[in-house]
Amino acid sequence: MAEVFVYVDSAGKLAAEMLTMARPLGEVSAVIVSEPGDSAEAVAQAAEYGASKVYLAEVAGVGDYFMVPKADVVTELFKEHAPSAVLLPSTSEGKAVAAYLAVSTGNGLLTDVSALDAEGQATQEIFAGASVSTSKVTKGVPIVTVKANSLAAEPSSSTPEQVAVEASISESAKKVAVVEKVEEPKGDRPDLTEAGVVVSGGRGVGSAEQFKLIEDVADALGGAVGASRAATDAGYYPHKFQVGQTGTTVSPQLYVAAGISGAIQHRAGMQTSRTIVAVNKDADAPIFSLADYGVVGDLFKVLPQLLENVEARK
Amino acid sequence: MNIVVLVKQVPDSGLERQLTEDLTVDRDGSNNVIGELDEHAIEAALQLQADHGGEVTILTVGPDSATETIRKSLAMGADKAVHVEDERIAGSCAMSTSKVLAAALKKLEWDLVISGAESTDSGMGVMPYLLAAHTGAAAATGARKIDKTDEGLTIEHQTDNGYQVLKTSTPAIVSVWDTINTPRYPSLKGIMAAKRKPLESWDLDDIEVDASEVGTDAATTAVVSATKRPPREAGKVVTDEGEGGKDLADFLASEKFI
């Protein structure tokens with residue numbers, strides 16, 4: 001059976017989804033490149049989700065340079081083992097590694113793929129979900145980056161053969177140095193791109209203080225917090241939580257839009273969500289045209305009552 | 001410091017967009033505009049130029065209609081523009097497009113290339129890496145800040161949960177997010193001046209790219225089919241008369257979210 005590479009940049013939900021997506025395509029080899037001692041979680045996850053093999057490159061200093069050292073390791077492994085496809089996460093690291101790999105091996109590249117079949121046909125949402133396209137790589141093997149939340153991850157326990165990969169960092173990979181990494185406190189909420197539930201607030205929330213209500217609803221539903229561009233531009237919530245064309249595209253099981261009118265710029269970032277719920281005072285707000293359930297009303301009355309009822313059911 | 005800004009004309013993301021019958025982006029039937037993040041790239045270049053001097057050149061690959069986009073870029077304050085325009089390029093994949101851009105960059109003098117972090121049409125976000133691979137320049141992507149120092153450049157690369165500080169020498173290719181700045185509006189004076197700024201048009205022969213490397217035939221990927229997603233049907237809308245929150249909880253429970 002053909003060998004399929006799954007590049008894991010970090011253990012987590014998207015890695016589990018990629019490993020699940022790759023299993024029907026062939027023997028799955030997880031490719032992990034990390035600083036020494038940083039890979040235990042990813043290795044364990046590869047076994048939990050059915051990898052046959054784990055290529056583990058623990059390279060001291062790999063995180064001190066931007067992207068290229070990791071791409072070089074994957075490129076070498078690709079040349080050595082000639083996999084029939086490579087799946088990478090649609091994260092900034094996954095896309096970087098995919099791009100360098102595609103250019104240095106002459107293979108076609110597809111990004112933000114939500115499904116991939118054994119013939120190498122990939123499904124993508126295009127124009128912010130307005131159309132669905134099927135594409136294929138016509139030169140070489142498919143190198144695809146996988147969008148989060150594209151399928152349900154299913155565990156399949158295995159005992160992968162672990163292959164230690166020797167690698168060093170070449171001078172040409174040292175052009176961009178990472179001199180500082182600043183992680184802002186993430187809190188207990190799931191990542192916006194990976195969350196199964198997203199609760200977003202818009203201009204109607206009215207102030208940064210009042211966004212606490214949006215956070216409370218997100219916490220009650222076990223979801224992430226998002227914000228419309230109007231809300232981030234007004235300074236109600238940090239820009240990195242913006243859902244929309246110029247922010248993050250989300251596709252959760254449940255999307256709750258509170259005080260969001262539903263400008264096209266916002267809809268582009270959330271319209272492929274499975275179930276959409278909207279709360280807005282304006283009965284004519286465009287968001288209601290795509291909501292599965294809408295409440296016309298004051299979000300400061302509706303959401304607290306929702307919270308009470310959610311708590312009562314727990 | 002000489003800067004080249006990559007600008008792409010895209011269909012307006014605020015309007016309906018689609019593929020044509022040959023499964024390429026419909027650029028005739030839609031209102032074409034400058035890519036939203038490209039405006040931030042131009043602004044970043046103009047700010048660096050104001051502090052450090054040098055020239056700002058706009059580089060675009062696209063059909064004749066892309067001239068509008070170029071004029072707007074020049075109106076914002078860029079010094080000159082190069083428009084790579086050749087029918088043989090139509091239908092090129094990202095790989096081929098990167099070869100065209102790299103060949104054009106080879107003919108220009110630059111220390112820094114700035115682009116948007118991704119386009120609003122295909123949105124792949126991989127071009128800086130592809131160009132870095134072709135040109136040998138450094139690539140640093142997703143910047144929310146670019147500073148020129150004596151040694152080179154210091155860049156804040158935006159991550160999902162914070163940022164990383166990157167240092168690189170030039171030549172470098174840097175892409176930017178909209179957090180980096182607020183683009184200026186072209187002034188009337190800028191719009192008038194843009195009409196007199198140098199705009200060169202190059203074809204494949206000018207940049208010494210063989211036609212066999214571009215276009216539909218050379219593409220490494222192909223769209224097999226595309227279907228418009230049916231519009232979402234509006235569901236149930238209730239008006240809150242004191243029970244709206246409870247009704248919503250009932251709905252979420254019926255869908256097993258609580």
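Here is the naming used below: chain letters follow the sequence lines, and residue numbers restart at 1 for every chain. Owing to the predicted nature of the structure, the values given are computational and were not obtained by experimental measurement.
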Just say parallel, tilted or perpendicular for the rings of B:Phe251 and A:Tyr293, cut-offs at 30° and 60°. parallel

Could you tell me which non-hydrogen atom of B:Ile258 sits nearest to which non-hydrogen atom of B:Ala249, and how far apart they are? CD1-O, 3.4 Å

Against chain B, work out which of A:Ala283, A:Ala220, A:Gly222, A:Ala99 has the most heavy-atom pairs shorter than 4.5 Å and name it. A:Ala99

I'd like to verify something: which residue of B:Thr168, B:Val126, B:Thr227, B:Val223 has the highest number of heavy-atom pairs under 4.5 Å with chain A? B:Thr227

Identify which part of B:Leu153 has an atom lying under 4.5 Å from any heavy atom of chain A, answering side chain, backbone, both or neither. neither

Can you see whether A:Tyr100 engages A:Thr75 through a side-chain donor-acceptor pair at a distance of less than 3.5 angstrom? no

Answer yes or no: is there an ion pair linking B:Glu36 with A:Arg229, defined by an N-O contact shorter than 4.0 Å? yes

Return the option, out of A:Gly108, A:Pro142, A:Ser135, with the maximum number of heavy-atom pairs under 4.5 Å with chain B. A:Ser135

Of the listed residues (B:Ser225, B:Gly244, B:Ala117), which shares the most heavy-atom pairs with chain A below a 4.5 Å separation? B:Ser225

Say whether, by atom type as modelled, one donor and one acceptor occur between the side chain of B:Asp178 and the main chain of B:Leu37 under 3.5 angstrom. no

Whether the side chain of B:Asn2 engages the backbone of B:Asp111 through a donor-acceptor N/O pair (distance < 3.5 Å, no angle test) should be reported. no

Salt bridge check: are A:Lys13 and A:Glu194 linked by an N-O gap of less than 4.0 Å? no

Name the member of A:Asp191, A:Val132, A:Asn309, A:Leu307 that forms the most heavy-atom pairs with chain B at distances under 4.5 Å. A:Val132

Regarding A:Asp292 and B:Arg232, does a basic nitrogen lie under 4.0 Å from an acidic carboxylate oxygen? yes

Picking from B:Ala137, B:Pro128, B:Ala226, which has the most non-hydrogen pairs under 4.5 angstrom with chain A? B:Ala226

Could you go step by step and tell me if A:Ser251 and A:Thr272 meet the side chain to side chain donor-acceptor pair (under 3.5 Å) rule? CA-CA 5 Å; A:Ser251 193; A:Thr272 60; 3.0 Å; yes

Just give me the residue among A:Thr134, A:Leu110, A:Thr111, A:Leu306 that pairs up with chain B most often, heavy atom to heavy atom, under 4.5 Å. A:Thr134

For A:Asp112 and A:Ser90, test the side chains for any donor-to-acceptor distance below 3.5 angstrom and give the result as yes or no. yes

Against chain A, work out which of B:Leu166, B:Asp240, B:Thr179, B:Leu130 has the most heavy-atom pairs shorter than 4.5 Å and name it. B:Leu166

Please flag which part of B:Tyr163 lies under 4.5 Å from any non-hydrogen atom of chain A: side chain, backbone, both or neither. both

Would you say the side chains of A:Thr105 and A:Asn107 form a donor-acceptor pair under 3.5 Å? yes

Among residues 175-183 of chain A, which residues come closer than 4.5 Å to chain B, judged by heavy atom distances? A:Lys175, A:Val176, A:Ala177, A:Val178, A:Val179, A:Glu180, A:Lys181, A:Val182, A:Glu183

